[in-house]
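Treat the numbers as computed from the prediction; the structure is a model and nothing was measured. Atom set for the values below is all heavy atoms of this structure, side chains included, hydrogens, waters and symmetry mates excluded. Indexing begins at 1, ligand by ligand and atom by atom, following the structure's order.
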Amino acid sequence: MKLATRDLLTVADLTPREFGGLVSRSITMKKRGAGRPLAGRTLAMIFEKPSTRTRASFEAGMHQLGGHAISLSSQETQLSRGESIEDTARTLSRYSDCIMARLYKHEHVERLAAASSVPVINGLTDSFHPCQTLADFMTIRERLGRMDGLKIAWLGDGNNVCSSLIQGAALAGSDVHVACPRSMRPDAGVVREASRSVRVRMTEDPAEAARGAHVVATDTHSSMHNKGVSRLSRLARYRVDARIMAGADPGAIFLHCLPATRGREVSADVIDGPQSAVWDEAENRLHTQKALLEALAGRPRAR
Ligand code: CP
């Protein structure tokens, strides 16, 4: 499918139609395969932070589409010795058809995209995780049959995954209820923008956010850019457990982008229980990124 945007830096780069179209294409690819539309194409991947799912699913996805992926830890590139993001982008653009980057600062992926002559995909920054949101909504559509008119509850840190989920919900037409400490609310600009099309509610009461929800989602309480014992103690009451799930809709699903710490942000009986969709969610990273790569890395070459 065609996307108006050249890059995917946030979910808000997509229109509601494109967002739904990518999810539909991902479901079709999962059922029927996709052929080899990226034969001869290369994806360059840069990782400043660790990754299991993002790295493996992008690499497997490129291979399955007939292409190839190069994975670069920032520590093993000249970025670690001070080469600029812009010069790195210009260089990788000469070897590849698309760049995926997992960086700390969101501003850095914006600079990478500005200097690149090939599409750039945000594989997670401190502010956003758009690829995760695509997989989350594919999972929601598979499990619940729709992506709109739902109540989605987020319990815990209003972090990068939460911000992207809110942006996705706005495109899909579902409401989001976030339960978190006041100091950990999601980005105010993201909430303001999403509130133009759906309801986005903030509360400090996890049971209130989850009440009647069709989707209950959370993330690790110890993120890659935000650690600390005091955070953990303030987030402890936002754990998703059987009591929280009992207050949600009877058909509710549980989502977690992983990695998870059982007993901290989620109890083992929930993440390993019948309402958990986390393994489909992890698998769907592969299918949604293949749809995204087909759309972005499969474009006619400019050079
Ligand atoms: N959810 C996610 O991005 O997983 P990784 O950090 O393992 O890539």
Side-chain angles (χ1 to χ4, degrees), residues 8-11 22-23 26 30 43-64 69-76 98-106 108-109 112 120-140 142-143 152 154-169 186 215-227 235 240 253-262 264-266 270-272 276-293:
L8 186 78
L9 304 189
T10 78
V11 176
L22 279 172
V23 170
S26 309
K30 185 174 181 176
L43 172 72
M45 306 192 287
I46 307 171
F47 288 95
E48 271 186 353
K49 304 186 186 192
S51 169
T52 297
R53 280 144 288 272
T54 303
R55 181 188 163 170
S57 55
F58 267 106
E59 192 162 333
M62 277 304 288
H63 177 73
Q64 290 173 16
I70 302 168
S71 183
L72 300 163
S73 149
S74 61
Q75 279 311 306
E76 63 196 18
C98 188
I99 299 170
M100 189 282 291
R102 167 167 286 197
L103 306 177
Y104 284 95
K105 292 186 178 167
H106 190 72
H108 286 179
V109 81
L112 190 80
V120 171
I121 297 172
N122 175 5
L124 181 147
T125 59
D126 293 352
S127 306
F128 295 103
H129 197 356
C131 295
Q132 185 63 51
T133 300
L134 281 166
D136 292 353
F137 276 90
M138 177 180 174
T139 310
I140 290 169
E142 283 181 329
R143 290 291 187 112
I152 299 172
W154 175 272
L155 271 59
D157 188 4
N159 62 8
N160 46 3
V161 179
C162 177
S163 285
S164 288
L165 187 77
I166 292 170
Q167 291 183 323
V215 177
V216 179
T218 191
D219 189 6
T220 175
H221 287 177
S222 177
S223 76
M224 288 182 272
H225 62 280
N226 235 334
K227 300 182 173 78
L235 284 165
V240 180
I253 59 168
F254 170 72
L255 295 182
H256 190 312
C257 62
L258 304 175
T261 307
R262 287 166 177 75
R264 191 179 277 169
E265 71 273 8
V266 59
V270 169
I271 193 169
D272 298 321
S276 175
V278 300
W279 305 115
D280 286 347
E281 183 185 8
E283 178 186 338
N284 288 341
R285 293 291 305 275
L286 173 69
H287 306 296
T288 46
Q289 286 156 198
K290 281 168 70 178
L292 187 61
L293 288 165

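Close approach of ligand 1 to R285 is summarised as follows: ligand atoms under 4.0 Å from at least one heavy atom of the residue are 1 (N), 2 (C), 3 (O). Applying the 4.0 Å criterion to heavy atoms of C257 picks out, from ligand 1, the atoms 1 (N). The atoms of ligand 1 that sit less than 4.0 Å from any heavy atom of L258 are 1 (N), 2 (C), 4 (O). Near T52, meaning under 4.0 Å from any of its heavy atoms, are these atoms of ligand 1: 5 (P), 7 (O), 8 (O).
Using 4.0 Å as the threshold, R55 has no heavy atom nearer than that to any atom of ligand 1.
Of the inter-residue distances, the one linking M100 atom CE with S57 atom OG reads 8.0 Å to the nearest 0.5 angstrom. In this structure, N284 CG and R53 CZ are separated by 13.5 Å, a value rounded to the nearest 0.5 Å. Separation of atoms CD1 (I166) and OG1 (T133) is listed at 10.0 Å; rounding is to 0.5 Å.
A donor-acceptor pair shorter than 3.5 Å cannot be found between the side chains of E265 and T218. For the residue pair H108 and E48, no side-chain donor N or O sits within less than 3.5 Å of a side-chain acceptor on the partner.
Contacts between K49 and ligand 1 below 4.0 angstrom, taking non-hydrogen atoms only, are absent altogether.
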